[in-house]
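Structure first, commentary second.
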There are 2 protein chains.
Amino acid sequence: MSRRPTLSDVAREAGVSVSTASLAFSGAGPIAEQTRERVHAAAAALGYAGPNALGRQLRSGRHGVVGVVIGDKVKRSFRDPVSIQMLDGLVSTLSELRLGVMLIPGMEVDETGAMKVDPLLETSGMDVAVLIWGAHVDDPRLDVLRRRSIPVVIGEGNPSPGCSLVAIDDRRGVAELAEHLYSLGHRRVANVTLPFRMGREAGWIENPRDEDIDWTPTRNRLEALEESRLDVVATYETPASLVESGADAARHILDPARWPDPSQRPTAIVAQSDLLAAGVVLGAREVGLRVPEDVSVAGFDGVDLPWLGSDRLTTVVQPLEAKGEALGRAVDALIQGRGATEVVLPVELRVGTTTAPPPAV
Amino acid sequence: MSRRPTLSDVAREAGVSVSTASLAFSGAGPIAEQTRERVHAAAAALGYAGPNALGRQLRSGRHGVVGVVIGDKVKRSFRDPVSIQMLDGLVSTLSELRLGVMLIPGMEVDETGAMKVDPLLETSGMDVAVLIWGAHVDDPRLDVLRRRSIPVVIGEGNPSPGCSLVAIDDRRGVAELAEHLYSLGHRRVANVTLPFRMGREAGWIENPRDEDIDWTPTRNRLEALEESRLDVVATYETPASLVESGADAARHILDPARWPDPSQRPTAIVAQSDLLAAGVVLGAREVGLRVPEDVSVAGFDGVDLPWLGSDRLTTVVQPLEAKGEALGRAVDALIQGRGATEVVLPVELRVGTTTAPPPAV
DNA sequence: CTGTTAGCGCCTTCAG
DNA sequence: CTGAAGGCGCTAACAG
């Protein structure tokens with residue numbers, strides 16, 4: 001027989017009916033041990049490797065696949081260890097539920113400048129979609145998914161009716177971080193922010209309160225800092241959470257020409273991610289400032305930064321793997337038909353070696 | 001109607017037969033424009049979002065999914081930018097072919113210490129599997145895939161009959177790098193290698209030629225260096241391609257206690273990956289040596305290392321995205337039934353600022 | 001415990 | 001250009 005054997009071939013070979021053969025593999029019903037063995041022997045003889053996934057999927061109406069929508073091209077998304085650790089938790093959790101993770105790049109900007117949703121999102125089969133970096137306002141990806149009636153789990157913000165949500169308590173984290181700096185004696189700080197929405201450039205923000213911020217973590221962390229007792233004397237927006245962007249921001253913020261009276265210079269820089277903060281540390285050293293003696297630096301995320309050497313970043317640790325697991329549980333709940341859920345995970349301040357009292361004037 | 005509408009609902013609503021409705025969506029045959037519109041209108045009225053993926057998949061016998069087997073947990077695999085860039089090329093190429101990428105973690109070691117293949121690999125539906133980091137000797141994952149008759153593409157080495165292969169010409173790359181160092185005047189070098197196989201620890205290798213190296217890139221790069229005109233005076237194996245491991249290796253290799261006669265110390269360190277090389281640079285500086293004045297350092301891969309600041313690593317650049325694309329094309333060839341293929345991609349030496357003539361004794 | 005029956009949603013012959 | 005019929009591989013009822 002040249003074509004691949006099917007369950008009915010096996011059943012015929014074993015001299016039983018297909019449904020019995022099915023039971024022999026699934027174990028979903030009572031079956032005589034002897035029959036089971038006969039079926040497996042027949043399968044082995046025919047080189048049958050178990051029930052075909054396609055047949056089972058059509059029958060059950062489930063793909064066994066979760067689409068994970070990353071924000072951008074794989075390369076850009078995964079330069080950030082934050083995404084990766086989250087994905088790790090998600091993949092392990094789903095793997096235990098026998099669900100595969102399919103990677104779906106986010107949107108592309110086509111020749112005309114319009115946003116185009118990846119074709120995989122339009123046609124590919126999946127039981128649930130996870131937008132790990134949240135949804136934009138009027139997000140076309142959400143429209144597509146809604147039209148296809150695919151349930152959605154959103155990571156981090158801009159909750160949308162009918163979608164599950166997994167977020168972190170970043171406002172409280174930033175508030176604690178601000179208190180830590182305040183209690184060390186800092187008053188004037190600079191803020192290095194994540195991008196406000198897709199496709200932003202690096203640059204100063206004159207009045208953060210006037211800005212329309214589409215991306216929730218950016219907004220939460222910025223607002224929490226603004227609402228703290230610290231005086232945010234400068235805000236620099238970055239185009240992405242990257243070491244280079246942080247270094248660039250530090251160069252601008254600490255530029256001596258900007259502070260004719262050095263005593264007015266911010267004594268601490270708060271970066272909204274650890275990668276940015278690492279860049280800020282490098283940038284500060286480049287312009288000849290010591291961290292933390294001359295300027296304190298703090299980050300957000302709590303990822304490993306091997307190349308900072310013996311320095312340990314003061315940061316707000318978010319439970320990345322737990323977040324991935326929570327996303328996985330939210331997926332499971334939707335598949336089980338248990339409806340949309342919302343979770344907010346706690347974060348924790350971790351004081352390292354990059355913050356200290358401000359220099360005596 | 002509470003259940004999700006199907007093509008036959010749409011056909012009934014539009015007053016045509018199912019096969020006509022099918023043509024209206026697929027465009028795979030002649031159909032009157034008017035009929036097409038009527039069908040689409042009916043679909044819109046019913047909230048039908050296009051042909052169901054499961055039905056189509058069962059019919060066509062294809063999943064539209066490629067399983068990408070990464071070596072390890074997501075977190076560990078993707079700490080390496082090499083994997084990510086390759087994956088980027090692979091995902092974009094496959095996305096154009098309307099194929100999704102499903103991530104499959106590699107193997108786990110269970111309580112008893114035995115290797116366990118991820119259940120997704122055993123049961124999940126996929127048209128082709130890609131082992132991006134190659135196959136081991138007697139790789140149980142290959143056995144599973146062979147049993148399921150799933151065609152396989154192997155990235156990097158240990159080719160296996162019937163599997164497609166995408167490799168790079170790393171031997172030639174290392175040979176060129178060695179010539180570069182030789183021509184600068186180096187004679188004594190140290191080698192910081194990638195792991196020889198799964199689950200290795202860091203440590204000295206007394207006689208590299210006696211070792212059984214299961215992982216092809218490790219073997220190729222090690223042998224090419226051994227075969228060069230350079231004298232490899234020390235070989236240190238690392239457990240993974242990480243900055244920390246490179247720094248650790250450098251500390252051991254450059255330990256003053258190891259070289260009572262400093263003139264015998266290697267004047268250059270060749271690391272088998274850029275992450276390792278970056279670690280070596282950091283480690284060398286830690287023990288008070290300047291790079292490249294006191295010791296030259298070279299890597300392999302050609303990835304971006306933002307935190308090295310103004311230094312540019314001398315390295316062998318491999319075309320990572322092209323490798324991903326080549327993997328994608330190999331997948332396509334297998335799906336089209338065009339049989340297994342083999343490709344070897346060229347690499348290129350890129351001289352940076354971390355190699356220079358050895359110090360005058 | 002085992003066999004029979006009836007689809008899951010779609011596409012592709014083959015006629016008309 | 002359109003319609004009718006069959007089947008991709010499997011499993012869940014329901015009988016026996």
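Lettering follows sequence order; numbering is per chain, from 1.
For the residue pair B/Thr341/B/Arg329, the side-chain donor-acceptor check at 3.5 Å is not satisfied. Side chains of B/Ser17 and B/Thr20: a donor-acceptor N/O pair is present below 3.5 angstrom, by distance only. Side-chain contact of A/Trp133 with A/Ser83: a donor-acceptor pair under 3.5 Å is present, judged by distance alone.
The pair B/Glu321-A/Lys75 meets the salt-bridge criterion, since a charged nitrogen lies less than 4.0 angstrom from a carboxylate oxygen. Ion pairing between a basic and an acidic side chain is recognised when a charged N comes within 4.0 Å of a carboxylate O; B/Arg148 and B/Glu122 show no such pairing. Salt-bridge annotation for B/Arg338 and B/Asp332: present, with a side-chain N of the basic residue lying under 4.0 Å from a carboxylate O of the acidic one.
Taking only side-chain nitrogens and oxygens, B/Thr35 comes nearer than 4.0 Å to OP1 or OP2 of D/dT2.
Of the two residues contacting DNA chain D, namely B/Leu58 and B/Arg38, the nearest-nucleotide position lying further toward the 5' end is that of B/Arg38.
Rounded to a whole Å, the CG atom of B/Leu46 is 14 Å from the P atom of C/dG9. One atom, CZ of B/Arg4, and another, P of C/dG7, lie 20 Å apart when rounded to the nearest Å. Taking atom NE2 of residue B/His63 and atom C1' of nucleotide C/dG9, one finds them 16 Å apart after rounding to whole Å. Rounded to a whole Å, the CG atom of B/Asp9 is 13 Å from the C1' atom of C/dC10. As rounded to whole Å, 9 Å separates atom C1' of D/dT2 from atom CD1 of B/Ile31.
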| Reading 5' to 3' through nucleotides 10-16 of chain D, protein heavy-atom contacts under 4.0 Å coded B for base, S for sugar-phosphate only, - for none | BBB----
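Comparing D/dG3, D/dC8, C/dT2 against the side chain of B/Thr20 picks out D/dG3 as the nearest.
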